[in-house]
Amino acid sequence: MLKKVRLNKHHLALLLLFVVCSKSFGNDGYKLWLQYRFVENEALRGNYRSYINKLMPLGDSKTIEVAEKELELGLKGMLGLDFLSKPGVGEKSLIFGEKSNLSKDISIQLESDFNNINDEGFIIKSISIKGKNQIVITGNTDVGVLYGVYHFLQLLQSHKPIEQLKIVDSPKLKVRVLNHWDNLDRTVERGYAGFSIWDWHRLPDYIDQRYVDYARANASIGINGTVLNNVNANALILTPQYLEKVEVLANIFRPYGIKVYLTARFSAPIEIGGLPTADPLDLDVIKWWQEKAKEIYTRIPDFGGFLVKANSEGQPGPQNYGRNHVDGANMMANAVAPFKGIVMWRAFVYSEHDTTDRAKQAYSEFVPYDGQFKDNVLVQVKNGAIDFQPREPFHPMFGAMPKTPLMMEFQITQEYLGFSTHSIFLPKLFEEVLKADTYRKGKGSTIAKDIDGSLHNKRLTGIAGVSNIGSDINWTGNTMLQANWYGYGRLAWNPYLSANEIADEWLVLTFSTNESFIKPVKNMMLDSKEAVVNYMTPLGLHHIMDTGHHYGPGPWVSNLSRPEWNPVYYHKADKNGIGFDRTPTGSNATEQYADEVAAKFNNINTCPEEDLLWFHHVPWDYRLKNGKTLWDGMALKYQEGVNQVEHMGKTWDTMEAYIDSGRFNEVKMLLNIQFKEAKWWRDACLLYFQQFSGKPLPDGVEKPTQTLEYFKSLKFPFAPGN
Ligand code: GCV
């Protein structure tokens with residue numbers, strides 16, 4: 001028999017201690033920006049509660065079910081409301097459902113709003129029904145409603161007023177996908193947050209809760225697709241053994257509006273189909289892909305389509321058979337077209353047989369094909385012409401293919417930006433790219449306008465982000481980098497949002513509404529992107545990282561078999577100066593830009609200093625705009641980057657009172673590593689370049705504590721993600 005225990009004051013003290021401790025230690029970051037923290041302000045909570053007594057779902061689809069569940073979770077967490085225990089109480093209903101399920105009196109009040117949303121858009125509106133104020137969340141589809149529900153919950157978590165709601169919003173791009181570079185053995189290429197979250201071995205029978213939470217997180221920011229496997233693909237993913245597993249994931253993601261896509265290995269007809277060739281014009285090959293598409297769509301009727309990396313870095317492709325990208329892409333596009341699927345064909349190509357500047361190769365290979373791709377093909381272009389560097393001038397293909405839908409490829413994982421130990425807020429980088437002006441149709445022809453279709457009236461639009469997600473408890477290996485997943489999703493929804501707004505949103509949802517926390521941490525995030533450029537690759541330097549794993553500096557590397565893999569190919573430092581001449585006196589890569597842009601880059605006086613060494617080989621004693629010599633200016637930039645990281649660390653140290661100790665300590669330790677590594681980059685690069693400049697470090701730059709030989713000797717055989 002159970003004994004009745006009387007609580008004395010010691011018990012109560014212990015209990016209180018437990019509650020306080022679990023609050024301060026309790027956050028492992030797993031909940032991302034879906035924290036649903038209790039609204040402590042009683043008046044505000046009371047105000048919110050006065051608007052929501054009852055949930056009124058319209059329709060009975062799986063999507064409406066998950067919307068209801070999310071509302072229950074969020075409203076319980078933030079307002080302490082428990083709908084399950086109080087069926088049907090009160091009159092202030094939160095009504096949510098798609099257009100066709102709305103009653104007539106509601107529809108009439110929303111008529112004009114419906115004209116302003118697309119299929120995935122939503123409306124959140126305060127309306128009056130029979131003299132009573134109600135809130136309606138609706139859209140043309142259930143998925144639109146779900147997006148509206150997440151937005152509504154975010155309003156509450158941000159403590160925004162909900163008295164007179166009228167929010168009408170739609171995504172500006174159609175295809176908003178994550179690209180997982182996840183291998184079937186669960187390693188992740190360029191992944192720094194543990195292993196792949198796809199547990200292929202235990203699928204299809206074992207359903208990890210992570211799959212559901214992954215879908216929730218993505219839906220909450222409007223991501224509507226996921227490419228499950230690495231672009232360096234294994235054809236096995238297309239076999240029945242794996243398709244059965246893929247089907248289960250697709251079923252989990254469907255209610256959240258997320259389509260599954262797969263990377264298709266171009267040589268799959270040979271590897272798993274037993275054919276002697278993968279020639280895209282071969283009739284058996286064509287038939288093989290058609291049947292494969294049919295097989296996939298029989299399992300997954302809303303399968304999104306294929307992503308293909310072809311004839312790039314050793315991957316097979318149509319050129320192996322004397323065919324071209326159009327032949328390859330269109331053949332696969334034909335196979336998925338009957339099922340409304342698409343093909344995302346990557347433009348990340350460069351060849352060891354092409355001795356011209358690597359930065360020119362994708363443009364040269366693809367732009368002549370403008371207008372020749374089928375209308376369900378998107379050409380996927382990295383933001384810059386080399387490879388996800390801390391800063392790159394925008395890729396010249398943007399704006400240059402008016403008849404071909406181009407989708408942006410951003411890298412959310414930080415292959416070249418210090419891995420997941422460096423707290424860099426990437427929306428700042430993404431924003432800079434999206435705002436870049438291609439001048440292809442005069443001033444204002446921004447990249448955002450090319451990818452949202454408005455510049456050239458393109459129907460199919462899209463964006464891809466190489467995922468930074470892994471099996472780490474906090475998903476991204478560093479809580480601060482959850483902001484990059486979040487920010488990517490928000491920019492995929494609306495590429496015109498500012499990094500500033502995104503940082504505000506994310507901080508409020510993830511941590512706190514306290515301005516004393518938000519303001520300094522936001523500034524720290526916004527400065528972090530320029531900091532990494534400064535301590536790694538200032539003034540337009542690029543691709544000077546160490547070999548293979550890409551961790552740490554390696555400007556001295558010159559022994560790799562392909563010239564364009566070597567850092568020395570990119571910085572070209574010599575006694576006379578440093579930088580890659582891409583003007584007409586050099587590789588003439590600038591000719592691939594619109595005249596206005598080319599003219600600006602070609603002239604050393606108008607070329608933005610941040611891109612100086614990308615486009616020009618510059619003498620060491622060249623005077624920068626601030627009057628310093630190039631050498632002094634470059635050294636001071638490296639120092640500035642280090643100082644910025646030090647400042648980030650100091651800012652964070654003062655934030656302890658505002659957040660839980662778990663996340664506080666985690667970020668603090670990572671910022672310390674970042675500080676050490678920023679100094680490593682500065683010292684290694686400056687010692688190396690100093691051999692050519694022959695000049696002393698200017699005042700204000702700390703003296704290195706190690707020799708160049710020491711830095712060169714560092715080896716990292718087990719660096720992650722390689
Ligand atoms: C998935 C770079 C990376 C590779 C990556 C490739 C790509 O070269 O280092 O890991 O491969 O880009 O985007 O295809």
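Predicted model only: the values in this text are computed from it and were never measured.
- Annotation: Gln209, atom CD; neighbour count of heavy atoms from other residues, nucleotides and ligands within 6.0 Å is above 12.
- Closest non-hydrogen pair, His325 versus Phe373, comes out as O-CE2, 3.9 Å.
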Inset, instruction - Would you sort out whether Lys382 and Glu392 count as a salt bridge (Lys or Arg N to Asp or Glu O under 4.0 Å), showing the intermediate values? - result: CA-CA 10 Å; Lys382 288 188 182 182; Glu392 292 194 39; over 6 Å; no
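- Judged by a 6.0 Å distance limit and a 45° cone about the ring axis, Lys99 is positioned over the six-membered ring of Phe114.
- Between the side chains of Asn232 and Trp181, no donor-acceptor pair is found at a separation under 3.5 Å.
- Under the 6.0 Å cut-off for aromatic ring centres, Trp345 and Phe306 do not qualify, their centroids lying 6.0 Å or more apart.
- No donor-acceptor pair closer than 3.5 Å links the side chain of Thr446 to the backbone N or O of Asp437.
- Listed for the Asn484 side chain is no donor-acceptor partner under 3.5 Å among the backbone atoms of Ile412.
- Counting heavy atoms of neighbouring residues, nucleotides and ligands inside a 6.0 Å radius, atom NZ of Lys76 does not exceed 12 of them.
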Inset, instruction - Dump the intermediate steps for salt bridge (Lys or Arg N to Asp or Glu O under 4.0 Å) on Glu431 and Lys529, then the final yes or no. - result: CA-CA 11 Å; Glu431 174 189 45; Lys529 150 71 170 58; over 6 Å; no
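- Residues in residues 133-176 take part in these ring pair (Phe, Tyr, Trp, His ring centres under 6.0 Å) pairs, two or more places apart or across chains: Phe122-His151, Tyr147-Trp493.
- A heavy-atom distance below 4.5 Å is not found between the side chains of Ile296 and Val336.
- Taking the centre of each ring, Phe253 and Tyr214 come in below the 6.0 Å mark.
- The closest donor-acceptor contact from the side chain of Arg37 to the backbone of Leu509 lies under 3.5 Å.
- The salt bridge (Lys or Arg N to Asp or Glu O under 4.0 Å) analysis of residues 494-504, with sequence neighbours excluded, yields the pairs Asp504-Lys522.
- Within a 6.0 Å radius of NZ in Lys441, more than 12 heavy atoms belonging to other residues, nucleotides or ligands are found.
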